[in-house]
Every structure is written in structure tokens, then in C-alpha cells.
Amino acid sequence: MTLDTQHEIKRLTTLLNDYAYHYYVLDEPKVSDAEYDQLLRRLIELEEKHPEWKQEDSPSERVGGTILEQFQKVQHDIPMLSLSNAFNADDLHDFDRRVKQGLDQEAPTYSCELKIDGLAVTLKYEQGRFVQGATRGDGTIGEDITANLKTIPAIPLRLREAVDIEVRGEAFMPKKSFIRLNEAREKNGEQLFANPRNAAAGSLRQLDPKIAAKRNLDIFIYGIGQLKGRQVSSHHEGLAYAHQLGFKTNPHQQHCETIDQVIAFCEHWLDKRADLPYEIDGIVIKVDALANQEKLGFTAKSPRWATAYKFPAEEVVT
Ligand SMILES: NC(=O)c1cc2c(N)ncc(C(N)=O)c2s1
């Protein structure tokens with residue numbers, strides 16, 4: 001009996017993690033919510049009888065542990081820098097000119113990505129296991145919000161390869177979750193959140209992970225901080241590798257050969273952003289080749305090889 005139970009706990013853990021990966025990361029559900037919940041209840045029942053056999057990456061690990069007194073501070077090995085801003089096509093042409101000057105007129109290709117309007121976080125993995133998650137903070141020192149980030153189903157507790165890696169991404173609250181949360185808060189006479197970004201930040205700064213677990217948060221991984229044992233030569237290759245490891249990356253990333261294509265991408269999404277299930281406040285444009293990023297380097301606070309095209313603030317309908 002006991003060996004079968006230990007085997008059953010391992011089998012259910014692997015099965016549930018695979019279902020969660022397909023549902024939350026690939027957006028391709030394999031089973032119904034009811035079947036998932038029934039299997040999870042079965043796993044939790046076995047883990048309660050045999051805690052010694054509970055797997056480290058069990059989905060039951062997500063629902064949040066003890067209530068914290070405060071968040072620990074975390075020093076980022078690689079600073080989380082801010083982006084310079086561009087507000088119109090002229091600014092983007094200026095950015096392109098500066099990049100070409102810095103690269104001795106070599107024509108760079110760009111990676112264009114949606115600028116998710118959430119909270120920047122960094123996730124650290126050792127041998128493929130999620131060991132620490134932190135806020136950006138001031139770029140050098142952030143807050144350890146590992147327990148809250150574990151409640152986000154799209155964040156893998158164990159990667160598909162046992163690598164040491166640190167990735168950066170934006171945790172966010174989908175528009176529908178934001179509307180539902182504010183409806184519930186209004187019913188309870190609580191103060192409403194002004195926008196999904198504040199709601200996501202407020203949820204991740206809760207000292208009780210059980211509250212964060214109820215907030216339907218999501219994440220897109222958009223960069224690799226540190227990576228041991230594997231070389232990638234471009235940003236888009238790094239994103240593809242992150243996806244292969246099990247991270248959720250944004251599907252609307254586009255490779256642009258010229259700044260005119262970048263401008264077209266920005267205009268497209270300025271027009272289409274209302275159709276997205278999450279808020280974006282612009283487009284992030286990065287020189288794609290890592291060798292070119294290294295050549296261009298950084299100013300005191302931002303990379304020279306990237307900029308953010310900011311959308312005009314949306315008129316608030318009162
Ligand atoms: N501050 C930053 O460096 C970034 C911030 C963001 C953001 N909010 N959303 C997407 C990206 C991206 N795809 O690179 C970046 S990069």
C-alpha cells in the first residue's frame with residue numbers, strides 16, 4: 001500500500017503540473033476545471049496522510065504558507081534598469097540613429113514586444129527549482145515576494161530542464177479579473193483599485209499569500225537576467241529558450257528589420273490594445289543581437305539598446 005501511495009502522489013503531482021502548464025502557460029486546456037480540481041483534492045488528501053512524500057513542486061505548494069511579518073530585502077545580482085521613453089515616430093527615428101551610430105552604422109534588427117502594464121519581477125531558479133522571486137524595487141534592492149509569486153499558476157515551480165537561471169517578467173492582473181475584483185470590493189464597501197497595475201501591485205504586496213492566491217494574477221516573462229551553461233546570441237532566441245523551459249512568454253513579439261516596421265508595429269497595437277485581455281502601456285523595442293547590446297551598453301539608468309514607445313494616456317471615461 002505505502003509504495004503505491006508514494007507512487008500515486010508522484011504520478012498525480014506530475015499529471016497536475018502538466019495540466020496546469022497546458023492550461024496557464026500554453027492556454028491549451030487538456031482537462032476540464034472539474035477534473036483538475038477533483039485530481040487536486042485527491043492529491044491533497046494523500047499528502048495530508050503522508051506529508052513526507054509531498055513533492056517540492058506539488059501544486060498544493062502554491063496556495064500560500066504562513067502570513068509574513070514583513071518582506072525581506074533582496075539585492076539584484078544584475079540591476080533591473082528602467083527604459084528610456086519614446087513618444088512619437090521622430091523619437092523612434094532618433095533612437096534608431098543613435099543605435100546605428102553606436103554600431104558604426106551597422107543596421108541592427110529589433111525585437112518589438114508589448115509593454116505589459118503590471119509589476120516588474122525577477123524569478124530565480126536553481127537546478128530548475130523556483131527558489132526566489134522579488135519585486136524590482138529601486139532596480140538594485142527589491143522585496144522577496146516568493147510566497148506570493150508561487151500562487152501564480154503560470155509561474156513554474158520546476159522547469160522542464162534543471163538549469164540555474166534568473167528571468168525577468170511582468171506580473172499583471174487580466175482586465176476581467178480586475179473588473180470582478182472591484183465589483184466584489186464595491187459590494188463590501190472597500191476602496192476600489194484605480195487600474196489593473198495597482199491591483200496587481202497591491203495583490204503582490206500582501207503579507208498573506210492566501211490573499212494573493214485569490215487575485216487571478218498572471219505573468220509574461222520577457223528577459224533572461226542570468227543564465228549558466230547555455231549561450232544564446234539574440235534576445236528572441238533567449239525568449240524562445242525561456243518558453244522551452246516552461247515559462248509563459250507573450251505571443252505578440254515581432255522581429256523588425258527596420259525602424260519603419262517598428263513604427264508600424266507600434267501604430268498597430270496603439271489601435272488594437274483594447275482587444276487584449278490585459279493592459280499594455282506601450283511597446284518595448286530592443287536591439288535583438290546580444291553582441292550589439294553589449295557594444296551599445298548602458299547609460300546610468302537605462303540600456304542604450306532598448307527604448308519604450310509610450311502610448312498616450314487613455315482618456316479616463318468618468
Ligand atoms: N523596464 C523594463 O526593462 C521592461 C518593462 C517591460 C514591460 N512592462 N513589459 C514588457 C517588457 C518586455 N517585453 O521587454 C518590458 S522590459
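Excluded from the calculations below are hydrogen atoms, water molecules and symmetry mates; all remaining heavy atoms, backbone and side chain alike, are included. Read the numbers this way: they start at 1 and go in the same order the structure lists the ligands and their atoms.
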Quick one: ring pair (Phe, Tyr, Trp, His ring centres under 6.0 Å) partners of Phe220, sequence neighbours excluded?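 In terms of ring pair (Phe, Tyr, Trp, His ring centres under 6.0 Å), with neighbours along the sequence ignored, Phe220 is linked to Phe172, Tyr278.
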request  = Using ring pair (Phe, Tyr, Trp, His ring centres under 6.0 Å) as the criterion, list what pairs up with His22, not counting sequence neighbours.
outcome  =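 In terms of ring pair (Phe, Tyr, Trp, His ring centres under 6.0 Å), with neighbours along the sequence ignored, His22 is linked to no residue.
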Review point. His235 and side-chain hydrogen bond (donor to acceptor under 3.5 Å, both in side chains): which partner among Glu113, Gln253, Gln293, His255?
Key: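 Single side-chain hydrogen bond (donor to acceptor under 3.5 Å, both in side chains) partner of His235 among Glu113, Gln253, Gln293, His255: Glu113.
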Does ligand 1 have any N/O pairs with the protein under 3.5 Å, and how far apart?
from, atom 1, to, atom 2, distance (Å)
ligand 1, 8 (N), Ile116, O, 2.9
ligand 1, 8 (N), Glu170, OE1, 3.2
ligand 1, 8 (N), Glu170, OE2, 3.4
ligand 1, 9 (N), Ile116, N, 3.0
ligand 1, 13 (N), Glu113, OE1, 2.6
ligand 1, 14 (O), Glu113, OE1, 3.4
ligand 1, 14 (O), Lys286, NZ, 2.7

NE2 of His268 to CD1 of Ile283, rounded to nearest 0.5 Å, is 9.0 Å
*Please list all pairs passing the ring-ring contact (aromatic ring centres under 6.0 Å, His included) test where one or both residues lie in residues 112-158, with sequence neighbours left out.*
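Listed once each, the pairs are Tyr125-Phe130, Tyr125-Phe247.
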- request: Just say parallel, tilted or perpendicular for the rings of His50 and Trp53, cut-offs at 30° and 60°.
  value: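 Ring orientation, 0 to 90° scale: parallel.
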